[in-house]
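See below for the structure under consideration.
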Amino acid sequence: MKRLILLTAAALLAGQSYAQLMRARIHEDFNITVEEVDATVPLELRGGNNFEQLPGFPRGYPASPNLKNFRNVALADLDGDGLDDILWPANNRLFAYRHDGLLWEKELSAEAIYPPAVADIDNDGEAEIVQTVFGLQGAPLLYALERDGSDVPGWPVSLDGNRIFYAPALSDLDGDGTMEVIVCARSGSVGLVYILNADGSPFGGEWPFELDSGPATTPSIGDIDLDGKKDIVVHSGNARYALSLDGQFLDGFPVGTGPETVHTYQSPVLFDLDGDGALEIVGAAHGDAPEFFATDNRGDYLPGWPKPSGSWAYTTPTVVELDGQPTIFMCRRIGDASADMLYAWDAAGNLRDGFPINKYGGNEGIISIADVDGDDEFEVVFGSEFFTSDGPGFMHAYEMDGSGEVEGFPLRPRGINAMNGAALSDINGDGMMDLIAVSYTLNFGMGVDSIYLYAYNLNTPYSPERVLWSTYKGSNARDALLTEPVASGTTVQDPALLKLQASPNPAQNETILSFSLDQSVQASIHLTDALGREQRKLPAQYLLPGPQQARIPLNNLPAGLYWISVRSGDKLLGRTPVVIR
């Protein structure tokens with residue numbers, strides 16, 4: 001794999017006297033090239049490092065000379081202290097960092113590109129870490145690690161020696177209480193979708209499933225056809241697939257799109273946009289006819305979609321609930337001039353007020369949604385394909401009302417943040433929001449490339465409900481299943497629902513749910529995270545009228561906002577939030 005070097009030595013040296021604006025271009029083969037931009041960023045938009053970093057940051061390591069990181073980091077509480085730790089690959093190592101130092105590092109068989117997926121795959125009460133290894137300079141392997149970095153028994157595994165693309169998705173496909181690992185690999189010119197059990201053994205049946213061309217996305221998992229069983233949504237370069245667990249096409253699929261509309265990197269999100277119970281598919285594509293799209297569960301475009309993007313877009317969507325409505329965020333590349341680059345639509349494809357954002361430099365990384373300035377309004381946070389020849393890139397935060405960039409932004413991490421983005425949490429427990437991001441340098445043979453891990457203190461209060469979206473595909477499971485709207489901090493309660501109370505709240509290891517019934521009912525109790533994914537379930541019981549109490553274990557769950565619901569079959573009887581510290 002060779003890199004086309006468009007950045008000359010003269011351009012690099014020019015940074016000694018002035019900062020030439022540069023642009024990174026990501027290609028379909030993971031290659032990166034750089035070119036000069038025939039424009040200069042106005043001085044007032046150049047920003048600076050206006051926020052202090054946590055002690056010990058940034059962290060720097062040698063990067064692979066051939067491959068660079070995509071889709072930022074994973075945040076998860078690995079040591080049980082109630083604070084998120086940082087998982088990120090650098091070349092052929094996976095690092096786990098606390099806010100105050102290294103927890104562990106794991107040597108991998110070859111370069112890793114994507115952040116790991118994290119979930120309790122074997123139902124032992126502790127999260128596991130599943131990391132793909134691309135395999136350019138070594139053996140392509142799929143790892144499953146315990147939270148201390150040791151191998152889970154039965155792992156790592158080889159996918160028939162095939163190179164492993166993108167991150168894995170984690171989901172309990174067969175309802176046995178353990179999670180399967182769903183991942184794409186490439187064999188020659190075709191893609192393969194593999195499913196492995198929690199112990200690393202093959203899922204069996206029709207898997208691996210062969211795609212018509214190379215794999216293009218991390219799989220997304222959800223019950224698309226409403227038959228009570230989970231399905232797998234995945235794209236090849238030239239087609240969109242939705243597959244049942246027995247390896248059969250769902251009605252309407254596959255949907256051919258190539259060669260003019262092509263997929264690479266744009267992993268789709270599954271969301272019930274219209275409230276009818278069925279899951280819609282939201283995504284993007286590039287090629288000669290690039291587009292942003294939303295389809296129904298048969299692959300047909302929804303009314304108002306698709307939206308021609310006008311330029312290539314490797315964006316993966318962000319979908320959250322704002323003002324009681326689903327809102328879809330996607331972004332694109334742009335040319336040298338200031339132009340529309342980040343969009344926000346409702347389910348019908350209508351632009352939200354204040355959008356699109358018009359600025360210098362496009363973006364194809366993660367679009368995070370959080371209150372980063374403490375004004376009780378959400379902002380949109382994203383990286384840039386631009387950097388300057390004197391070293392720094394750009395990390396932006398924009399208000400959603402159209403009033404422009406948040407005070408103190410853009411941040412200027414060293415090098416390029418393209419295809420990455422920002423993760424937001426409180427990793428040191430001081431009650432203030434931290435922004436975690438990776439960037440990398442490109443020296444084109446004139447020095448060793450480096451990768452950097454940044455942790456900025458944004459000096460604004462943090463609580464879980466102040467962050468709606470800040471990681472690849474919306475959750476560490478990477479399954480992109482948003483079965484319930486992402487909570488925006490305000491919930492309208494149906495007066496007919498049960499009045500539930502959780503105590504203590506906030507809680508750590510356990511909370512007690514209290515409520516009262518007027519009549520007998522068969523009911524189950526569910527704990528879901530802020531993205532609607534079930535984390536705990538108390539089996540259905542026949543409950544008599546009167547006061548009720550149930551103990552809900554919370555141990556080994558990451559800190560954040562969760563929801564407790566009481567259900568009778570498919571009917572929601574009541575719902576209440578609980579915060580885990």
Side-chain angles (χ1 to χ4, degrees), residues 118-128 169-181 197-199 203 221-223 225-231 245 270 272 277 279 475-477 479 481-485 487 491 493-494 496-558 560-580:
V118 184
D120 182 6
I121 63 172
D122 55 10
N123 201 26
D124 66 351
E126 295 186 356
E128 283 76 43
L170 311 178
S171 182
D172 182 2
L173 298 178
D174 53 13
D176 67 353
T178 63
M179 303 180 82
E180 282 69 44
V181 179
N197 296 312
D199 62 2
F203 188 71
I221 316 298
D223 182 6
D225 58 359
L226 298 179
D227 67 350
K229 300 177 181 179
K230 291 184 178 179
D231 308 301
L245 292 186
L270 310 180
D272 181 7
L279 294 172
S475 78
N476 281 343
D479 58 359
L481 177 59
L482 310 179
T483 55
E484 296 179 357
T491 303
Q493 182 76 24
D494 183 341
L497 296 180
L498 296 174
K499 306 300 182 185
L500 308 183
Q501 182 177 1
S503 180
N505 188 9
Q508 289 186 325
N509 297 319
E510 178 185 82
T511 191
I512 298 175
L513 180 69
S514 301
F515 58 98
S516 184
L517 293 173
D518 294 331
Q519 57 185 8
S520 300
V521 68
Q522 184 87 1
S524 57
I525 297 173
H526 306 255
L527 178 73
T528 55
D529 61 22
L531 297 177
R533 296 177 299 108
E534 189 168 88
Q535 301 293 332
R536 299 282 189 271
K537 178 181 178 181
L538 304 186
Q541 297 184 22
Y542 187 75
L543 303 177
L544 297 174
Q548 311 289 329
Q549 282 194 338
R551 293 182 177 273
I552 301 174
L554 307 175
N555 54 303
N556 299 315
L557 288 175
L561 175 67
Y562 293 77
W563 294 88
I564 303 172
S565 61
V566 178
R567 298 179 178 273
S568 180
D570 293 332
K571 183 179 180 182
L572 177 67
L573 302 182
R575 189 167 180 256
T576 190
V578 61
V579 174
I580 299 179

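N556 is not listed as a side-chain neighbour of D120, based on a closest heavy-atom distance of 4.5 Å or more. The side-chain heavy atoms of D231 and D225, taken from C-beta on, include a pair separated by under 4.5 Å. Using a 4.5 Å heavy-atom threshold, the side chains of D174 and E180 count as touching. Contact check for L481 versus S171: no side-chain heavy atoms found under the 4.5 Å cut-off. The shortest side-chain heavy-atom distance between L543 and F515 falls under the 4.5 Å cut-off. Between V521 and S568, some side-chain heavy-atom pair lies under the 4.5 Å cut-off. Within the 4.5 Å cutoff, side-chain heavy atoms of L517 are placed close to those of L498. Taking 4.5 Å as the limit, some side-chain heavy atom of P577 sits within range of a side-chain heavy atom of L561.
Annotation for Q522: atom CD counts as buried by contact number, over 12 foreign heavy atoms lying within 6.0 Å. Annotation: E126, atom CD; neighbour count of heavy atoms from other residues, nucleotides and ligands within 6.0 Å is above 12. For D227, the CG atom is densely surrounded, since the number of other residues' heavy atoms within 6.0 Å is greater than 12.
Side-chain contact check for S524 and K537: no donor-acceptor pair (N or O, by modelled atom type) lies under 3.5 Å.
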Legend entry - Y562/L557 under side-chain contact (heavy atoms from CB on, under 4.5 Å): CA gap, chis, key distance, verdict: CA-CA 10 Å; Y562 293 77; L557 288 175; 3.8 Å; yes

Inset, instruction - Any chance you could lay out the side-chain contact (heavy atoms from CB on, under 4.5 Å) test for L513 and T576, step after step, and finish with the verdict? - result: CA-CA 9 Å; L513 180 69; T576 190; 4.1 Å; yes

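Judged by distance alone, with hydrogens and angles left aside, the side-chain atoms of T511 form a donor-acceptor pair with the main-chain N or O of P504 at under 3.5 Å. Side-chain atoms of D122 do not come within 3.5 Å of backbone N or O of A198 as any donor-acceptor pair.
When each of R575, H526, Q535 is tested with W563 by the rule side-chain contact (heavy atoms from CB on, under 4.5 Å), just one qualifies, namely R575. For the pairing with M179, the side-chain contact (heavy atoms from CB on, under 4.5 Å) check across L170, L173, D479, N123 returns one residue only, L170.
Within the model, atoms CG of D529 and CD of E534 stand 10.5 Å from one another, a figure rounded to the nearest 0.5 Å. To the nearest 0.5 Å, atoms CG (L245) and NZ (K229) are separated by 7.5 Å. Note that the CG atom of D172 and the OG1 atom of T178 stand 6.0 Å from one another [nearest 0.5 Å]. Separation of atoms CD1 (I221) and CG (L279) is listed at 11.5 Å; rounding is to 0.5 Å.
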Name each donor-acceptor pair under 3.5 Å that joins a side chain in residues 545-554 to protein atoms two or more places apart or in another chain, with its distance.
residue, atom, partner, partner atom, Å
Q548, NE2, L544, O, 2.7
Q548, NE2, G546, O, 3.1
Q549, NE2, S514, OG, 3.4
R551, NH1, E510, OE1, 2.7

